[in-house]
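Below you'll find the structure, written out as structure tokens, and then a few comments.
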Amino acid sequence: MPDPAGTTPGLREEARAWLEEALSGEFAHARGLGGPGREHEGHELRQAWERHLGKAGWTCLGWPERYGGRAASLEDQVAFHEEYARADAPARVGHIGEGLIGPTILEFGTDEQKDRFLPPIQRGEELWCQGYSEPEAGSDLANVQTKARLEGGEWVITGQKVWTSLAHVADWCFVLCRTESGSQRHKGLSYLLVPMGRPGVVVRPIVQLTGTSEFNEVFFDGARTAARNILGAPGDGWRVAMATLGYERGASTLGQQIGFRRELAKVIETARRTGAIHDPVLRDRLVRSWLELEVMRLNAFRMLRPDPGPEVSIAKLYWSEWHRRLGELAQAVQGKAGLVADLPGDLGLNELQRLYLFSRADTIYAGSSEIQRNIIAERTLGLPR
């Protein structure tokens with residue numbers, strides 16, 4: 001498919017050439033490292049790569065030039081993310097900073113907050129994690145119970161977060177917590193920026209089906225952050241938090257689909273090797289998977305605008321359900337061999353076995369399929385609750 005209208009002439013070619021050169025020599029071994037279920041791979045090398053990207057001006061492309069960006073259009077950002085995926089460049093360790101908290105600070109932050117937090121994200125020097133979900137507030141985020149109070153010019157935070165991706169390597173966490181005593185649901189919440197390396201913050205890894213631990217429990221026991229480290233007004237945290245979720249479905253999703261295409265190619269290759277390609281039922285599922293991936297790409301372009309609204313839930317619902325089915329198909333084409341783990345390390349899982357296991361989570365994290373269907377029904381279609 002040709003580049004979407006609006007792409008700067010030469011940017012795609014510039015990105016392609018830079019990535020080819022950069023992923024040689026010092027960073028040659030970084031190709032393909034990381035990603036869902038594999039975030040433990042080459043973390044130090046990938047963090048060095050993050051700094052290299054930032055120094056060369058290939059992070060935060062859509063940000064204003066004042067904060068290290070290029071003020072790039074959405075189309076240009078898509079072009080870069082696609083070339084990044086095609087180059088098999090390593091999974092980004094700074095994606096939560098660049099894709100979630102960075103744009104939120106740009107929208108809601110004070111000039112002081114922008115000057116403090118945005119440059120280190122752009123340079124790849126500070127990593128972030130997301131403090132939203134709790135044991136009793138997963139998809140029902142409005143049930144957040146973590147509390148914070150002002151004391152001596154600082155917010156004092158007490159509570160627990162869970163499923164916090166990359167908390168064990170993060171420098172900062174943006175934490176949704178309850179700052180008005182007696183408040184309920186969406187009211188009385190605030191959005192705090194909290195340093196992770198301080199007393200009162202305890203991180204405990206959670207072992208996944210894949211045997212790795214890229215997400216964690218985080219306990220705040222009197223943890224402190226400066227009073228100025230609040231994004232938006234006290235009690236306005238819900239509005240800020242929802243804005244962050246909107247950024248979660250950004251331009252990088254089109255790059256994600258290049259990765260999906262690579263996974264599908266591996267499944268097809270395996271089907272040919274095992275003979276599963278000759279099974280008419282499996283062959284039909286492979287063709288359907290390819291067609292649905294094309295629809296996913298076209299739908300993503302349709303939503304490529306600055307403020308796509310609640311219909312972005314369609315994209316999350318679609319890709320997560322598709323990817324989960326791809327994981328099931330990956331097991332099916334392996335036949336009985338797919339039931340046996342016989343490689344060293346990481347429970348002995350091969351690439352397709354890991355795909356199957358991790359994709360079980362796709363329809364749960366970042367808003368479960370059930371929640372996405374409710375959003376589509378109520379906010380997009382206008383149906384009653």
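Quick note: residue numbers are just sequence positions, from 1.
Among residues two or more places apart in sequence or in another chain, the side-chain hydrogen bond (donor to acceptor under 3.5 Å, both in side chains) test is passed with Ser289 by Trp322. Gln160 is linked by a side-chain hydrogen bond (donor to acceptor under 3.5 Å, both in side chains) to Glu217, counting only residues two or more places apart in sequence or in another chain. Asp171 meets the salt bridge (Lys or Arg N to Asp or Glu O under 4.0 Å) test with no other residue; sequence neighbours excluded. Residues satisfying the salt bridge (Lys or Arg N to Asp or Glu O under 4.0 Å) criterion with Glu263, sequence neighbours excluded, are absent altogether. Taking the salt bridge (Lys or Arg N to Asp or Glu O under 4.0 Å) definition, one finds that Arg198 meets it with nothing, sequence neighbours left out. With sequence neighbours left out, Trp155 forms a ring pair (Phe, Tyr, Trp, His ring centres under 6.0 Å) with no residue at all. Annotation: salt bridge (Lys or Arg N to Asp or Glu O under 4.0 Å) contacts of Arg51 (sequence neighbours excluded): none. Partners of Arg360 by side-chain hydrogen bond (donor to acceptor under 3.5 Å, both in side chains), not counting sequence neighbours, listed by chain and number: Glu328.
Pairs of residues two or more places apart, or lying in two chains, that qualify as ring pair (Phe, Tyr, Trp, His ring centres under 6.0 Å) and include a residue from residues 187-213 are Phe174-Tyr191. Residue pairs satisfying the ring pair (Phe, Tyr, Trp, His ring centres under 6.0 Å) criterion with at least one member in residues 265-292, sequence neighbours excluded, are absent. Sorted by first and then second residue, the ring pair (Phe, Tyr, Trp, His ring centres under 6.0 Å) pairs involving residues 208-240 (not counting sequence neighbours) are Trp163-Phe215, His186-Trp238.
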Below 3.5 Å, can you tabulate the donor-acceptor pairs from side chains in residues 15-27 to any protein atom, sequence neighbours excluded?
{"from": "Arg16", "atom 1": "NE", "to": "Glu83", "atom 2": "OE1", "distance (Å)": "2.9"}
{"from": "Arg16", "atom 1": "NH2", "to": "Glu83", "atom 2": "OE2", "distance (Å)": "3.0"}
{"from": "Ser24", "atom 1": "OG", "to": "Glu20", "atom 2": "O", "distance (Å)": "2.9"}

